[in-house]
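Inspection log for the structure reproduced underneath, given as structure tokens.
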Amino acid sequence: MKTTRWAWSLAGVLAGAAGLATSYLTANALSIRESPVVAVAEDVIRLTPGSVAEAAIDVLGHRDKPVLVGVILLLSVGLFALVGRLSRRSTWAPTLVLLALALTGALAVLLPKGTANGSDALPVAVGFVTWLLALTLLTSPLRTADAAGPAADATSPTDPGDRPQPAGLPDSSRRGFLVGAATMAGAVAVVGVLGRLVGAGRREVERIRGLLRLPGVTAPDVPPRALIGTEEVTPWLTRADDFYRIDTAISVPVIDPTEWQVRIHGMVDREVVVTFDELNAFEKTEAWVTLNCVSNVVGGTLIGNAWWSGVRLATLLAEAGVRPGADAVLQTSDDGWTCATPIEALTDDRDAMLALAMNGKPLPIEHGFPVRTIVPGLYGYVSATKWVVDLEVTRFADVQAYWTTKGWGERGPVKMSSRIDVPGSGAELEPGEVVVAGVAWAQHTGIAGVEVSVDGGPWEAGEIADPGTVDTWVQWRALVELEPGDHVLQVRATDKDGLVQTGVERDVLPDGATGWDSVDVSVSA
Ligand SMILES: Nc1nc2c(c(=O)[nH]1)N[C@H]1C(S)=C(S)[C@@H](COP(=O)(O)O)O[C@H]1N2
Ligand SMILES: [Mo]
């Protein structure tokens, strides 16, 4: 090592590598789909204009993602070297650069995907803390040397800020730094390899998932009559990548389907155990079903609509033979999460199912692979068990489930609701006719119509699309005349039983929010 300037840069690069390694290990240990660096690469791809992306794919072929990851890593090395040099004279400057990098990673992991949950940001946090610790550790011998003598630096003589100095560190500091740097490099390699090993399980299950054949599972074909024809409204079909995700799993269960089975027991004539292959051999049922979270506030986004394929629970429960007196099925997930579902909802004509596929493909791991429950008309917390492994036929009076012990309602039928998607809140509009559009749902009863009101005035009927099922949301649209000034738009739905959506505002706790969605807009003169 000729100059300490190089030493500071090297300290920065090694500290940076250490943080990337620990974040990679954490992501793999929690079986998160992608490490932060890959998440950044995916978002760059997502945000790249189509023409640029096509040109890149032309040149790079399908190696565009690995190449991009390589470029991001190279840029990071440059930034880490800068961080190292900055840390010579300041604590704040390098910390701010690292913080900016960490925030980029966190945003990439969390923001654009519906599929992230809070713990997905943990790898970024671990990486950030590692950066700070490793940087302090590696630069401490350099700092000692700086304090002991005049700064040894070999920057170009044209740099007036640096006094010309004999290059090199004192021997003891030099040895201390080299030992520290070599140890850090070794640790980075070990942590990186460990991350790769820990991630092998998920990679293997992803591989198996990619090869799975599910007879009777078809790809979704959005019925044209389900579309209202307004572009800006939420897509009727929610892509798996955009589907909201809610679960209590810190580490996502990663289950090899050949090892999966579900046990049906309790108040039954005979206990039944069904393996994945046996389940997959049953006749499939398929349906459009909108899934709702009870925590969805009025106007919120914890709702999605997908094409689900699976095996009717009525069939499976009939094989076991439900005994009289039972009114609930206690469902348990591989990760121990539980919910209790009314037997009636699992056996009536709504075709509740053990789903194997979402939008024509095996369930994504985050959405319950290999098997989850889907029950039209009930909130997810009382019905939609992901990674389901156990169904105990029982009585509500005899069991406790995860969320009901925390104050949420025992039964969770989905409440009718409606949402304004366009115009957006705070939109600035031209005076005249304005298109208002959104989605509305009254699951398993069906939406009969929606009405829109301006500034609390009379309710005016809008039009609705007809998806041909009562178990999904419907897109709606209305035209309103707006004069210059500020306005409040509101929507309310009516279901097929003639019930009008209540304007009474209730919180999500204990069994779902009520009230009308409203949007503030201003119209120019
Ligand atoms: N194993 C398990 N299944 C679960 C949950 C959970 O925490 N663990 N959350 C439920 C809740 S509250 C909802 S709203 C839905 C969300 O399903 P999704 O993440 O596929 O959108 O899953 C349900 N199934
Ligand atoms: Mo939920």
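Read the numbers this way: they start at 1 and go in the same order the structure lists the ligands and their atoms.
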Would you call [X]-[Y] a salt bridge at under 4.0 Å N-O?
X	Y	answer
E231	R477	no
R245	D120	yes
R207	E204	yes

Applying a 4.0 Å heavy-atom criterion (strictly less than), which segment of [X] is in contact with ligand 1: side chain, backbone, both, or neither?
X	value
V294	neither
C293	both
D335	side chain

Is there a polar contact, in the sense of an N or O pair closer than 3.5 Å, between [X] and ligand 1?
X	answer
R372	yes
W403	no
I246	yes
R245	no
K386	yes
N292	no

For a side-chain contact (heavy atoms from CB on, under 4.5 Å) check, start with the C-alpha distance between F282 and L354, then their side-chain angles and the critical distance, and finish with the verdict. CA-CA 11 Å; F282 273 90; L354 287 187; over 6 Å; no
Would you mind reporting whether Y244 and N296 have side-chain heavy atoms less than 4.5 Å apart?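 A side-chain contact is absent here, since even the closest heavy-atom pair is not under 4.5 Å.
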For atom 24 (N) of ligand 1, find the nearest protein heavy atom and state the residue, atom name and distance (0.1 Å precision).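 Closest protein heavy atom to atom 24 (N) of ligand 1: A384 O, 3.0 Å.
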Among F243, W236, W288, which residue meets the ring-ring contact (aromatic ring centres under 6.0 Å, His included) test with W307?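 Considering F243, W236, W288, a ring-ring contact (aromatic ring centres under 6.0 Å, His included) with W307 is found only for W288.
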Check the orientation of W131 and F128. Use parallel for under 30°, tilted for 30 to 60°, and perpendicular for over 60°.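 Ring orientation of W131 relative to F128: perpendicular.
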Classify the angle between the aromatic ring planes of W260 and F276 as parallel (below 30°), tilted (30 to 60°) or perpendicular (above 60°).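 Rings of W260 and F276: perpendicular, as their planes differ by over 60°.
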For A249, is the nearest heavy atom under 4.0 Å from an atom of ligand 1?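 Per 4.0 Å heavy-atom rule, A249 does not contact ligand 1.
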Hey, does E366 sit under 4.0 Å from ligand 1 if you only count heavy atoms?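 Flag not set, E366 not near ligand 1.
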Near [X], which atoms of ligand 1 are under 4.0 Å from a heavy atom of that residue?
X	answer
W387	1 (N), 2 (C)
Y381	11 (C), 12 (S)
S333	1 (N)
D247	6 (C), 7 (O), 8 (N)
F243	21 (O)

Does a donor on one side chain and an acceptor on the other come within less than 3.5 Å for D421 and T234?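 Indeed, the side chains of D421 and T234 share at least one donor-acceptor pair under 3.5 Å.
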For residues W441 and N292, is any side-chain donor paired with an opposing acceptor at under 3.5 Å?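 Present: a donor and an acceptor within the cut-off.
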Result of checking T494, T502, D495 against M416 for side chain to side chain contact (heavy atoms under 4.5 Å, CB included):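 With M416 as partner, side chain to side chain contact (heavy atoms under 4.5 Å, CB included) holds for just one option, D495.
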For atom 6 (C) of ligand 1, which candidate among Y244, W337, Y379 holds the nearest heavy atom?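 Residue with the shortest heavy-atom distance to the ligand atom: W337.
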